[in-house]
Amino acid sequence: MKISHILLVFSALLCIARPVVAQGSNVADATVIIKVDDYLITSADAIKEARRLFHRNPLIAQEASKIMAISNLVRQALTLQAAAKLEIPLAHYHSAAGEFVLKEIERAGSKNNFLLEKNNELGMLDIEEFHDFIYHSFVHTQVMGIVTGNQETAGKGLRVILDPSPAEIRRAYKENQEFRMAPEVIKWSYLKFYKKSNSGQIPTEIVAKALADLDDGSISAQELINLADDAIANVGQPEDTATWIIDFVSSASTGEYRIAEKNNIGSQGSVSMIIVTESVPARAYSFNEAQPVIAKLLTDKKREKVVEDFYAETAAVVDIWVTDDVPGLKNFVSQMIGRHIPVNNPEEL
């Protein structure tokens, strides 16, 4: 399904009028758009997940974050259904998440400091939202550990995922040019400076002083990076990266920087920027150099296939309902889980 079609799907979520109260949302009149067995996903859940995704990875195009939000929520629901069948103690992890939240509040010194931290780091707006995030993270880690062979299933041992054979590695090197020749790439970093409750300086002042020092040679690019509250190092043009970043990185030289425009999703008062740190020329890879890289990539692909199969197998044995009120949503979820979702009956949710 094309991105433009998915965007129409996502924008339509705002226009649904049928109110239903559901778990996982702070909006009382959230409308249910997807149901996985007894787990409800609402339009408000989708909008919040997109906001959190964009905050946690502001390099991503906002359009991509909206698409990923639906996928994440469906997979989250399927993970919970599978966890129960795998005899994972969900109540235990719910309590563990609560204990984790209390410890984090105590560490931060107050609820206000805690919320400021989590808003800066993760885009969380309240304690309940952070608790749900930690709970689902705990459950997801346990389930994926079993699915990918890193943890034993109760009474069934480890799932074995075989490493690629020498023949597979040699064939990949021979047949795929990207394993033999690395194209010219640009190394760059995304920096974020947050507003701090205990500091007299605001981020715009800190950034202005740091950039002035960078321009006159008082500090290096690495020292600027070290000053940032968050720094994400990148190479090339990762998939789904925001257009303004790709446009800048594709033509910038080493040492050039650009401050991001303000948006209504990031933390209030924060400043974000991109700086190009190095230009790496194209070069050929020898087979010896490429072997460990190829082995890792092939193993990762096998694990990805195992995870995809797991979600397809889980989706095949649960009841999935998708609203007909959002054009294209049912087709998108059907493609995602690999099976047809039947037409809704009038008596359904």
Shared hydrophobic cluster, V185 / Y285 (ILVMFWY, side-chain heavy atoms < 4.5 Å):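 Looking at the clustering, Y285 is in a separate group from V185.
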Co-membership, hydrophobic cluster, residues F179 and F287, 4.5 Å side-chain: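 Shared cluster, yes.
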For the atom pair [atom1] ([X]) and [atom2] ([Y]), what is the distance rounded to the nearest 0.5 Å?
X	Y	atom1	atom2	result
T31	L40	OG1	CG	11.5 Å
I169	T299	CD1	OG1	7.5 Å
K330	I33	NZ	CD1	13.0 Å
K187	S279	NZ	OG	10.5 Å
S165	R171	OG	CZ	6.5 Å
F133	E49	CZ	CD	9.0 Å

Neighbour count >12 (heavy atoms, 6.0 Å) for atom OH, Y173: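 Check passes, neighbour count above 12.
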Compute whether any side-chain donor of one residue and acceptor of the other, for [X] and [Y], lie under 3.5 angstrom apart.
X	Y	result
D45	T42	yes
N119	Y194	no
Q76	N72	no
S218	D216	yes

Side-chain ([X]) to main-chain ([Y]) donor-acceptor, under 3.5 angstrom:
X	Y	result
H136	A77	no
D37	D319	yes
R180	K174	yes
W188	G236	yes
R339	A315	yes

Which atom of A172 lies closest to which atom of L298, heavy atoms considered: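 For A172 versus L298, the nearest heavy atoms are CB-CD1, 4.3 Å.
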Over all atoms of both residues, closest heavy-atom pair of S189 and A233: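 Minimum heavy-atom separation between S189 and A233: OG-CA, 3.8 Å.
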Any heavy-atom pair between the side chains of [Y] and [X] that's under 4.5 Å?
X	Y	value
L227	F193	yes
D230	Y190	no
R52	K48	yes
H131	D126	no

Lys/Arg-Asp/Glu bridge criterion (N-O < 4.0 Å) met for E304, K301: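 The answer is no: the pair does not qualify as a salt bridge.
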Steps toward side-chain hydrogen bond (donor to acceptor under 3.5 Å, both in side chains) verdict (Q335, N331): CA-CA 6 Å; Q335 291 178 26; N331 286 338; over 6 Å; no
